[in-house]
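Reading through the structure tokens given below for one structure.
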There are 2 protein chains.
Amino acid sequence: MGDLQRVTVLGAGVLGAQIAFQSAMHGKDVTAYDIDDTALEAGRARLQAIVPQFVADAGESLRAAAEQAVAGIRLSSDLADAVGSADLVIEAVPESLELKRAVYERLASLAPADTVFATNSSTLLPSQISDATGRPDRFLALHFANHVWRNNTAEIMGTPQTDPTVYQRVVAFAKEIGMVPIELHKEQPGYVLNSLLVPLLNAAAGLVLTGVAEPETVDATWRIGTGAPAGPFQIFDVVGLRTAYAISSARPDPGSQAWAAYLKTNFLDAGKFGVESGEGFYKYS
Amino acid sequence: MGDLQRVTVLGAGVLGAQIAFQSAMHGKDVTAYDIDDTALEAGRARLQAIVPQFVADAGESLRAAAEQAVAGIRLSSDLADAVGSADLVIEAVPESLELKRAVYERLASLAPADTVFATNSSTLLPSQISDATGRPDRFLALHFANHVWRNNTAEIMGTPQTDPTVYQRVVAFAKEIGMVPIELHKEQPGYVLNSLLVPLLNAAAGLVLTGVAEPETVDATWRIGTGAPAGPFQIFDVVGLRTAYAISSARPDPGSQAWAAYLKTNFLDAGKFGVESGEGFYKYS
């Protein structure tokens with residue numbers, strides 16, 4: 001079963017719920033924590049909504065197991081209770097450095113000394129948080145992608161203080177819950193996937209902004225030239241144009257600012273957010 | 001049939017031969033030119049070698065048609081004779097600006113005034129050549145990718161002097177010979193495909209050079225995260241590591257220089273050139 005058996009997921013948002021589900025499906029003892037009963041109820045609804053999504057991907061024969069996994073997840077809004085006997089705490093709270101540091105400062109005293117802490121942060125580096133954990137040697141990043149159950153990656157990134165044994169225990173945990181572990185040897189903003197994806201998307205945006213080619217043309221070129229199932233603007237639609245806007249508008253360079261303005265004028269102001277709203281660069285039914 | 005029926009391909013190298021073959025397969029009257037009888041003989045051998053490659057992709061039922069297409073290609077080492085009645089000249093001579101300009105200066109007087117000229121150059125912009133053609137309004141870039149017959153792209157890029165009608169006639173020609181035309185509205189170094197691919201490959205190289213992750217890890221992340229059939233280092237192997245080295249070593253920035261040195265030390269010096277030599281980042285049988 002592995003030595004990281006009792007898992008607590010902090011934050012029952014979209015990804016937190018998926019992580020809890022995936023862990024439960026693979027036999028872990030899972031607790032999902034959120035801040036109050038209202039948030040927990042929303043979390044419970046998210047967990048239940050995962051079942052049909054999962055079944056659509058994995059097949060009807062796994063419905064009963066998925067329902068059982070969800071039913072077995074313990075929900076708690078009492079942090080001390082939620083983490084009191086955890087082997088591993090996976091933190092998936094909103095992407096605010098202050099909020100995350102405050103959570104870890106509370107965790108530091110509430111969790112057993114040997115509990116391993118992992119942050120699912122997409123945008124922060126674990127070294128920005130490490131000293132707040134009270135256990136920098138047992139702290140690292142374990143980063144999941146949406147649709148956790150789809151034979152997906154878990155990017156694992158420590159700080160210089162992370163104990164290599166702890167790192168390998170988390171690699172083993174990722175495998176145990178059916179993830180493909182992606183081992184990073186150093187801290188890298190964006191991990192591996194976004195370090196590759198962002199330059200591709202920026203280059204595609206540049207071609208459209210400068211008027212070299214239409215989004216559909218760029219996408220067709222990429223699909224034909226590389227055999228990929230989706231071109232950059234199809235990926236933008238999946239990522240979500242509000243997310244793309246938020247990322248670009250936060251960057252100071254003129255190219256990013258121009259792209260943010262393009263997205264706002266042509267899409268956001270028209271309520272076109274990509275796949276989630278039914279229309280972005282393409283229409284979805 | 002379209003109005004660009006009589007096609008002369010200049011240079012019967014790998015891509016020149018493929019362009020001639022593809023045009024002949026789609027009913028064009030094709031002449032392949034190369035500088036002397038030795039070069040023409042090599043060109044003839046390349047044309048004949050395309051047939052089994054094409055049949056492997058397109059099916060045995062097309063073998064007779066492919067052999068007939070190759071047999072129908074006229075070979076000439078007399079430039080005046082080769083282009084004297086051409087509607088379209090596709091230039092696929094080696095990537096030297098001086099050489100190409102010299103070729104166009106000869107062509108300018110040898111070809112009929114209304115013949116359209118198209119360069120297949122990957123690395124030069126048509127505006128670097130345009131004034132040597134004697135007909136800047138009937139000159140543009142028509143860029144093919146390896147394995148022309150695989151439902152592949154033809155990137156079409158004019159200069160500010162290119163007549164829009166001529167541009168559209170070349171778009172129509174590309175469709176007539178079974179290509180997916182990629183219309184660029186402005187000159188762009190690297191066209192669309194390499195404008196996207198180079199930043200992705202550079203980012204991947206950076207992750208390996210800085211020790212963040214192994215090539216296999218980077219590739220797995222890309223495949224899983226985007227659904228692409230190949231990761232960046234698999235693409236490097238297909239492009240060829242000598243080509244990748246040549247590109248990186250020609251760039252002055254420290255990252256490119258470091259990547260060129262990495263490729264030389266770890267691969268080129270050991271005779272590992274990628275797929276073509278049987279080994280690169282991966283082994284091929």
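Throughout, a chain's letter reflects where its sequence line sits, starting with A, and its residues are numbered from 1. Computed from a prediction, not measured in an experiment: that's the story for all the values here.
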Report task. State, to 0.1 Å, how close B:Pro126 and B:Gly158 come at their nearest heavy-atom pair, and which atoms those are. Result -> CG-O, 4.2 Å
**Report entry** For chain B, the option from A:Pro181, A:Gly211, A:Pro232 that forms the most heavy-atom pairs under 4.5 Å
**Finding:** A:Gly211
Query raised in the report: Where does A:Leu207 contact chain B at under 4.5 Å (heavy atoms): side chain, backbone, both or neither?
Result: side chain
Query raised in the report: Checking heavy atoms, do the side chain of B:Ala204, its backbone, both or neither come under 4.5 Å from chain A?
Result: both
Report summary line: Here the pair of heavy atoms bringing B:Ile182 nearest to A:Ala220 is CD1-CB, 4.5 Å
Query raised in the report: Between B:Val116 and B:Val170, what is the shortest heavy-atom contact and its length?
Result: CG1-CG2, 4.0 Å
Report task. Would you please indicate yes or no on a ring centroid separation below 6.0 angstrom for B:Phe267 and B:Phe273? Result -> no
Query - Contacting region of B:Leu200 [heavy-atom separation from chain A under 4.5 Å] - result: both
Report summary line: Rounded to the nearest 0.5 Å, the CG atom of B:Leu140 sits from the CD1 atom of B:Ile156 at a distance of 8.0 Å
Report summary line: Interatomic distance, CD1@A:Ile224 vs CG@B:Leu193, rounded to 0.5 Å, equals 10.0 Å
Query raised in the report: Between A:Phe144 and A:Ile177, is any pair of side-chain heavy atoms under 4.5 Å apart?
Result: yes
Query raised in the report: Any side-chain heavy-atom pair from B:Val55 and B:Leu62 closer than 4.5 angstrom?
Result: no
Report task. Counting only heavy atoms closer than 4.5 Å, note whether B:Val218 contacts chain A via side chain, backbone, both or neither. Result -> both
**Report entry** Contact origin within B:Leu197 toward chain A - heavy atom pairs under 4.5 Å
**Finding:** both
**Report entry** Nearest non-hydrogen partners of B:Ala66 and B:Met25, listed with the distance
**Finding:** CA-SD, 3.5 Å
Any idea which donor-acceptor pairs are under 3.5 Å between chain A and chain B?
{"unit_1": "A:His185", "atom_1": "N", "unit_2": "B:Val212", "atom_2": "O", "d": "2.7"}
{"unit_1": "A:His185", "atom_1": "NE2", "unit_2": "B:Glu214", "atom_2": "OE2", "d": "2.6"}
{"unit_1": "A:Lys186", "atom_1": "NZ", "unit_2": "B:Thr210", "atom_2": "O", "d": "2.7"}
{"unit_1": "A:Thr210", "atom_1": "O", "unit_2": "B:Lys186", "atom_2": "NZ", "d": "2.7"}
{"unit_1": "A:Val212", "atom_1": "O", "unit_2": "B:His185", "atom_2": "N", "d": "2.7"}
{"unit_1": "A:Glu214", "atom_1": "OE2", "unit_2": "B:His185", "atom_2": "NE2", "d": "2.6"}

